[in-house]
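What you see is a predicted model, and the numbers here were worked out from it, not measured in a lab. Quick note on labels: first sequence line is chain A, next is B, and so on, each numbered from 1.
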Protein chains: 2
Amino acid sequence: MNPSPLDTRDPLTATILALFRANGHMLRWGDHFAQPFDLTSARWQMLGALAASPLPLTAPQMAIQMGVSRQGALKQLNLLLDDGLVERHPNPYHKRSPLYRLSASGLERYQRIDAAWSRHADQVRADFDLEALNTTLHVLKKIQERHPTQEDEGEAA
Amino acid sequence: MNPSPLDTRDPLTATILALFRANGHMLRWGDHFAQPFDLTSARWQMLGALAASPLPLTAPQMAIQMGVSRQGALKQLNLLLDDGLVERHPNPYHKRSPLYRLSASGLERYQRIDAAWSRHADQVRADFDLEALNTTLHVLKKIQERHPTQEDEGEAA
DNA sequence: TACAGGATGACATCTGGTTGTCAATCTTTT
DNA sequence: AAAAGATTGACAACCAGATGTCATCCTGTA
């Protein structure tokens with residue numbers, strides 16, 4: 001782990017650069033972790049978001065929940081639909097925008113990978129200070145808040 | 001900022017999910033920020049890595065430095081070459097693997113966007129606790145360390 | 001009830017990144 | 001010196017996501 005010239009910059013810049021690197025790293029790690037379950041990082045996350053929701057969701061709701069574009073979420077949903085991991089149900093309130101939820105096999109798939117992740121996380125979490133994790137969480141959110149993008153307009157607290 | 005069901009999970013998982021979201025968010029923000037300079041987040045980062053290096057670098061060196069795949073770095077370098085922001089120089093030690101460094105216009109371009117970023121960062125940094133930033137930096141690195149991928153093999157401290 | 005404007009899904013295109021293959025070039029070993 | 005093995009760049013295929021356009025559906029308002 002060489003210090004790398006990037007670390008010599010101001011702490012804010014260094015943190016944001018570390019964020020990019022950590023993201024790439026974890027996506028790669030996640031792809032390998034998810035591979036035995038026939039999933040990718042993206043699909044795993046998508047299944048997780050659906051599993052966490054008590055109600056079926058529309059595509060735009062998924063997009064907001066995941067912080068991803070509407071069309072991005074839709075794309076993944078359609079792929080998951082092709083794989084039979086997700087079910088589409090008619091939305092009584094909107095003819096064009098159906099509701100999505102996990103199918104039986106999607107739920108089973110998610111539960112399996114989530115159990116494996118939990119076992120892994122239990123191990124890894126021991127190496128982290130709870131306070132440090134909370135600080136990190138807070139800083140990441142704040143970095144986001146301080147860098148609004150177009151679609152963030154009109155999001156007062 | 002609704003708490004979102006994801007935050008109810010364990011702090012490690014929540015932090016990693018926040019990492020993904022923050023990454024996507026900052027890439028989008030960066031693309032907009034860099035647009036007036038005719039750059040993207042990716043190219044800005046690449047120019048920054050070259051600007052930070054005292055010596056010209058080969059493509060694989062760039063890849064390692066940026067935590068990206070060899071072919072990924074190469075792709076961007078070739079695009080930057082097409083744009084004339086980067087120069088390729090023969091490598092006396094390796095006929096196939098040339099050295100890259102910023103061209104005059106690449107340096108100028110980078111200096112302009114970096115000045116703008118510095119002004120922005122000065123503002124934003126005021127909202128952050130130095131200690132919290134350092135903690136975040138540390139946690140992000142540690143998350144990486146605890147999730148080795150294939151190419152991490154053989155990287156003892 | 002009509003109509004204007006916003007939300008939505010399909011489709012296409014683009015950026016950025018990984019992975020695999022192959023030939024060319026080092027590098028190491030014998 | 002020769003052969004075996006590792007690096008490297010070009011090329012191609014692919015995944016994930018953003019963005020733009022368009023037709024369709026929904027909503028609110030005149």
Side-chain angles (χ1 to χ4, degrees), chain A residues 20-32 34-35 38-47 49 57-64 66-83 88 90-100 149-154, chain B residues 20-32 34-35 38-47 49 57-64 66-83 88 90-100 149-154:
Chain A
F20 292 145
R21 295 188 59 151
N23 174 75
H25 194 95
M26 289 308 293
L27 280 183
R28 263 170 292 174
W29 181 88
D31 281 340
H32 285 112
Q35 188 184 332
D38 248 300
L39 291 173
T40 61
S41 291
R43 291 168 186 218
W44 175 14
Q45 272 184 264
M46 183 81 53
L47 294 185
L57 298 174
T58 66
Q61 284 168 344
M62 286 290 296
I64 291 168
M66 306 192 55
V68 96
S69 78
R70 176 175 63 97
Q71 294 290 57
L74 194 50
K75 200 177 190 178
Q76 280 301 324
L77 279 173
N78 283 330
L79 292 174
L80 290 172
L81 212 52
D82 293 344
D83 286 357
R88 184 152 54 180
N91 181 350
Y93 299 107
H94 200 308
K95 194 179 294 181
R96 266 186 85 105
S97 195
L99 295 165
Y100 296 88
T149 52
Q150 269 137 356
E151 58 281 13
D152 286 331
E153 306 308 322
Chain B
F20 292 145
R21 295 188 58 152
N23 175 74
H25 194 95
M26 289 308 293
L27 281 183
R28 263 168 294 173
W29 182 87
D31 281 341
H32 285 111
Q35 188 185 329
D38 247 298
L39 291 173
T40 62
S41 291
R43 293 172 182 213
W44 175 15
Q45 273 185 264
M46 183 82 54
L47 294 186
L57 299 173
T58 65
Q61 283 169 343
M62 286 288 297
I64 291 168
M66 306 192 54
V68 98
S69 78
R70 175 176 62 97
Q71 294 290 59
L74 194 50
K75 202 176 189 179
Q76 280 301 325
L77 279 173
N78 282 331
L79 291 174
L80 289 172
L81 212 52
D82 292 345
D83 286 357
R88 183 152 54 182
N91 181 352
Y93 299 106
H94 199 309
K95 193 179 296 183
R96 265 187 86 103
S97 196
L99 295 165
Y100 296 89
T149 51
Q150 270 138 355
E151 57 280 14
D152 288 329
E153 307 307 323

Next item on the list: Flag the pair A:Arg88 / A:Leu99 as yes when at least one side-chain heavy-atom distance between them is below 4.5 Å, and no otherwise.
Entry: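 Not touching, per the 4.5 Å side-chain cut-off.
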Interatomic distance, [X] [atom1] vs [N] [atom2] [rounded to whole Å]:
X: A:Leu39; N: D:dC15; atom1: CG; atom2: P; value: 14 Å
X: B:Leu99; N: C:dC26; atom1: CG; atom2: P; value: 12 Å
X: A:Leu27; N: D:dA16; atom1: CG; atom2: P; value: 10 Å
X: A:Asn23; N: D:dA16; atom1: CG; atom2: P; value: 14 Å
X: B:His25; N: D:dA18; atom1: NE2; atom2: C1'; value: 14 Å
X: A:Asp82; N: D:dA16; atom1: CG; atom2: P; value: 13 Å
X: A:Met66; N: D:dA18; atom1: CE; atom2: C1'; value: 15 Å
X: B:Trp29; N: D:dA18; atom1: CH2; atom2: P; value: 18 Å

Margin query: Using a 3.5 Å distance criterion without hydrogens, assess whether the side chain of A:Asp31 forms a donor-acceptor pair with backbone atoms of A:Ser41.
Written below: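 A pair under 3.5 Å: yes.
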Check: Does A:Gln61 reach the main-chain N or O of A:Thr58 with its side chain, forming a donor-acceptor pair under 3.5 Å?
Finding: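 Yes; judged by distance alone, with no hydrogens or angles, the pair exists.
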Note to self: Please determine whether side chain to side chain contact (heavy atoms under 4.5 Å, CB included) holds for the pair A:His94 and A:Arg96, giving the CA-CA distance in whole Å, both sets of side-chain angles, and the decisive distance to 0.1 Å.
What the structure shows: CA-CA 6 Å; A:His94 200 308; A:Arg96 266 186 85 105; 3.5 Å; yes
Margin query: How would you summarise protein contacts on nucleotides 9-19 of chain C per nucleotide, using B for base, S for sugar-phosphate only and - for none, with heavy-atom distances below 4.0 Å?
Written below: BBB----SBBB
Notebook entry, point to check: How far apart are the C-alpha atoms of B:Leu81 and B:Leu77, what are their side-chain angles, what is the distance that settles it, and do they pass the side chain to side chain contact (heavy atoms under 4.5 Å, CB included) test?
Noted result: CA-CA 6 Å; B:Leu81 212 52; B:Leu77 279 173; over 6 Å; no
Notebook entry, point to check: Taking it one step at a time, do A:Met62 and A:Met66 satisfy side chain to side chain contact (heavy atoms under 4.5 Å, CB included)?
Noted result: CA-CA 6 Å; A:Met62 286 290 296; A:Met66 306 192 55; 3.9 Å; yes
Item checked: Spatial distance of atom OG1 (B:Thr40) from atom NE2 (B:His32) [nearest 0.5 Å] ->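 Those atoms lie 12.5 Å apart.
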Margin query: Return the CE to OH distance between A:Met46 and A:Tyr100, rounded to the nearest 0.5 Å.
Written below: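 Taking CE in A:Met46 and OH in A:Tyr100, the distance rounds to 10.5 Å.
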Next item on the list: Begin from the C-alpha positions of B:Arg43 and B:Asp83 and carry the test salt bridge (charged side-chain N to carboxylate O under 4.0 Å, His left out) through to its verdict.
Entry: CA-CA 11 Å; B:Arg43 293 172 182 213; B:Asp83 286 357; 2.5 Å; yes
Hey, what are the protein-to-nucleotides 1-4 of chain C N/O distances that come in under 3.5 Å?
none

Note to self: It should be established whether B:His94 places a side-chain nitrogen or oxygen under 4.0 Å from OP1 or OP2 of nucleotide C:dC26.
What the structure shows: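 Indeed, a polar side-chain atom of B:His94 lies that close.
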